[in-house]
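As C-alpha cells, the structure follows; a few thoughts come after it.
Being a predicted model, the structure only gives us computed values, none of them experimental.
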Amino acid sequence: MRTATMGPAQRAEALAAMAERELDVLVVGGGVVGAGTALDAVTRGLSTAIVEARDWASGTSSRSSKLIHGGLRYLEMLDFALVREALKERGLLLERIAPHLVKPVPFLYPLRHKGWERVYAGAGVALYDAMSVSSGHGRGLPVHRHLTRGHALRVAPCLRKDALVGALQYYDAQMDDARYVASLVRTAAAYGALAASRAPVLGFLREGERVVGARVTDVETGGEYEIRAKQVVNATGVWTDDTQGMIGERGRFHVRASKGIHLVVPKDRIHSATGLILRTEKSVLFVIPWGRHWIVGTTDTEWDLDKAHPAASSADIDYLLAQVNSVLAVPLTRDDVEGVYAGLRPLLAGESEATSKLSREHTVAHPVPGLVVVAGGKYTTYRVMAKDAVDEAVHGLDRRVAECVTEDVPLLGAEGYRALWNARARIAERAGLHVARVEHLLNRYGSMTEELLELVTADPGLGRPLAGADDYLRAEVVYAASHEGARHLDDVLTRRTRISIETFDRGTRSARECAELMAPVLGWDKGQIEKEVEHHEKRVEAERESQLQPDDLTADAARLGAPDIVPI
C-alpha cells in the first residue's frame, strides 16, 4: 500500500530537492485547491512541488461548513451546471476517492407553509436527487422523503411545534476539511511531489516577462531557496490579489473575501437525529452533526481586514443564535457555545455588491507566461479546479502530457478502508482498544490506522486518551508531527485534531500534554514547549476577547493581540 511520511526530516529534504533542478510545476498555496493541483500534476507524471506560507489548510480550507454538497440553494438560482458538477464530485468522493473521510449526512428542511411550499421545495429536492443519480455517482445516498409535522418532530424533537407544518429530509455529505487537505498533500507526496509548509513565497523569479519560479523562505530555519519551474500555479485563495501583486499584475479578475462564522455546541443541546437546513433572510443556515457536537452556521459578510485570522464578533454570534433559536423549542445561549471559528470564502467579484450573490464558480487564467492563477469555486469542486489549473499549465510545457487521472486516484487511507471497517471488532480486540476508538481512527485515517496502532504497540501509553480531550488518543498527536506535517502546537489542536473548537477550554487543558508528545519528534527543548503552550493560551485569550467585541473592526484588533508563533 502506497504511503508517505511528512515529518521534519522529509520537509527539510523536500525544500532542498526543490532547489536542485527545474521542476515542471510549482504550486503556491496549501489549501484544498493547491493540494489538489499538486496531486493532479504529479499523477500526470510531472515533476511537482507545493509550498504553503503557514500550515496546510490554515486558511479557508480548515474553516468551512465541513460539507461536501451539490449546493441545493444554487438550484433556486438556476445554476444547474454548478450543481450537476458538484453532485458528481460528491459521489466520487463518497464512493471512490475518500470513503473513509467523506460521509453521508441527513438534513431536515422544515416547511412553514401548507400546500405550495411542499410542492415547490419538494420539486427542487427531487431534481437534486435526480441530478445526483444521473451523474453516475449518486446511488449510495438515500433519496429524499416527505414528512408530516408529527413525523418531523419525532426525528427532530428539538423543533418548536409552531416552527413547521411538515418537512423534507434529504442527504448530502460531510468531512473534516483540514484532515482532507492533509490527506491530499500526503497522497501527492506519496506519488513523488515535494511538499513544504511554513515556506512562504517572497517573490517570483522572472526572465523578461516570463515567470520561471519563486523565491521561498523557510521561516522555521531562516533559509532561502530559489525554486525554478516551467509553470507556477497560484492557488492562494483569498490571497490571490496579494500574490498577483508580486509580479505587478492585478490579474484578469478580482477576489473578494466573504466571512463566514460557525458555532460549535455539544450534541445534547439540540435533540435531533438529523441535521437541519433553515432558510434565512440572507441565505441558508445549517445545523450539522459533528461527532459529539453540532456545527451551526454560517454568516456571509464582506471582510477586508486581516486575512490570516478573521475574527468573529459578538454581533456575528448573536445573529447565528437568533436564527437557530427561531425554530428551537429550547433556545441556545452563549453558555452553550464550545467553540467559534471564522473563515473567508474567496469569491470572484462580479457586479453585485452583496457577497452572498458573488460567483461560487471558478476561473483559471494565464496572466503572464509561466504563471497560472486559479481562484473562486467551492470546496466540493476542488478536483475540477485543480484539473483546469493543470490543463492550463500544460499549455506552457513543451511536451505531451497525460490527461487528468485523479477521478481514479484514491487518497491515502481509502484503499482497504471498507474491509478494515468490517473487521473493526477484531482490530479492537487485537489492539486492546474499545471498538468505538477503532471506528474513530478508521474514520480519520482509513487504512493508515495500522500506522497509528503500530505506535501504540511500541508505546502502550500512546493508546490512552488525551486529558481534557478524550475523543483523541495520545498517538494521534505524535502521528500528526511525525507523519502529517504538523510543525507547531496550533497545527495539532486546531487542524490535525479539532480540540480548539470541541472543548469549552478550547484546548488549553490539553496543550501541555500535546506539546510534550510533539517535542521528541520535532526536537523541542523545554523552552520551546513553554513557548508553544504560552502561544496557544494567548491565542485563545485573544479569540475570546474578539468574540466580545461589537463589530468587525474591534474584533479584528482584539484577535491580532496574539501574534503568530512564527511571524510571516
Side-chain angles (χ1 to χ4, degrees), residues 32 57 59-74 103 105-110 156 158-159 172-180 237-238 257-267 269-270 272 274-303 309-328 331-334 336-347 354-356 358 360 378-380 494-495 498 500-502 506 543 546-547 552 555 559:
V32 71
T60 302
S61 295
S62 62
R63 308 178 194 197
S64 74
S65 297
K66 326 296 186 206
L67 292 178
I68 295 292
H69 63 137
L72 189 57
R73 71 189 179 103
Y74 299 117
K103 304 294 178 183
V105 60
F107 284 103
L108 190 79
Y109 176 69
C158 61
L159 294 173
D172 254 319
Q174 70 175 161
M175 48 62 216
D176 182 328
D177 48 9
R179 171 147 299 284
Y180 192 94
V238 293
S258 164
K259 183 179 73 167
I261 83 146
H262 296 79
L263 311 180
V264 181
V265 300
K267 199 66 177 264
R269 302 305 198 270
I270 300 175
S272 177
T274 178
L276 305 173
I277 177 172
L278 312 171
R279 183 185 293 275
T280 69
E281 293 175 6
K282 301 174 184 176
S283 183
V284 294
L285 185 80
F286 287 102
V287 180
I288 305 162
W290 179 255
R292 294 199 293 172
H293 318 268
W294 297 97
I295 292 175
V296 180
T298 181
T299 57
D300 196 343
T301 55
E302 189 164 359
W303 179 265
H309 305 294
S313 69
S314 182
D316 292 327
I317 296 170
D318 288 343
Y319 169 81
L320 284 184
L321 289 174
Q323 293 295 329
V324 74
N325 285 340
S326 69
V327 300
L328 293 182
L332 297 176
T333 70
R334 286 282 187 121
D336 296 318
V337 177
E338 287 177 292
V340 181
Y341 64 93
L344 301 177
R345 304 176 193 86
L347 302 180
T355 57
S356 59
L358 294 181
R360 296 310 304 272
K378 55 200 291 265
Y379 200 112
T380 304
T494 308
R495 286 172 289 276
R498 295 309 186 133
S500 67
I501 59 170
E502 293 176 345
R506 305 202 180 175
E543 284 184 348
S546 70
Q547 290 155 20
D552 284 351
R559 175 60 186 89

No-hydrogen, no-angle side-chain donor-acceptor test under 3.5 Å, [X] and [Y]:
X: Trp290; Y: Gln174; value: no
X: Thr299; Y: Asp316; value: no
X: Thr380; Y: His69; value: no
X: Arg334; Y: Ser314; value: yes

Report yes if the side chains of [X] and [Y] come closer than 4.5 Å at any heavy-atom pair, otherwise no.
X: Val324; Y: Leu263; value: no
X: Lys66; Y: Ile295; value: yes
X: Asn325; Y: Leu332; value: yes

Closest contact, heavy atoms only, [X] versus [Y]:
X: Pro346; Y: Gly237; result: CB-C, 3.8 Å
X: Pro310; Y: Arg63; result: CD-NH1, 3.0 Å
X: Ser62; Y: Asp177; result: C-OD2, 3.3 Å
X: Ile277; Y: Phe107; result: CG2-CB, 4.2 Å
X: Val340; Y: Ala312; result: CG1-CB, 3.6 Å
X: Arg495; Y: Ala57; result: CD-O, 3.8 Å

If only atom types and distance count, is the side chain of [X] paired as donor or acceptor with the main-chain N or O of [Y] below 3.5 Å?
X: Thr274; Y: Pro106; value: yes
X: Ser64; Y: Ser61; value: no
X: Ser313; Y: Ala555; value: no

Working to the nearest 0.5 Å, report the span between [atom1] of [X] and [atom2] of [Y].
X: Tyr109; Y: Leu278; atom1: OH; atom2: CG; result: 9.0 Å
X: Arg269; Y: Glu338; atom1: CZ; atom2: CD; result: 7.0 Å
X: Trp294; Y: Cys158; atom1: CH2; atom2: SG; result: 7.0 Å
X: Leu320; Y: Thr298; atom1: CG; atom2: OG1; result: 6.5 Å
X: Ile288; Y: Leu67; atom1: CD1; atom2: CG; result: 4.0 Å
X: Tyr341; Y: Glu543; atom1: OH; atom2: CD; result: 13.0 Å

With side chain to side chain contact (heavy atoms under 4.5 Å, CB included) as the criterion, how do Asp300 and Arg345 come out once you've worked through the C-alpha distance, each side chain's angles and the decisive distance to 0.1 Å?
CA-CA 9 Å; Asp300 196 343; Arg345 304 176 193 86; 3.5 Å; yes

Just checking, Lys259 and Tyr319: is the charged tip under 6.0 Å from the six-membered ring centre and within 45° of the axis?
no

Please determine whether salt bridge (Lys or Arg N to Asp or Glu O under 4.0 Å) holds for the pair Lys103 and Asp176, giving the CA-CA distance in whole Å, both sets of side-chain angles, and the decisive distance to 0.1 Å.
CA-CA 10 Å; Lys103 304 294 178 183; Asp176 182 328; over 6 Å; no

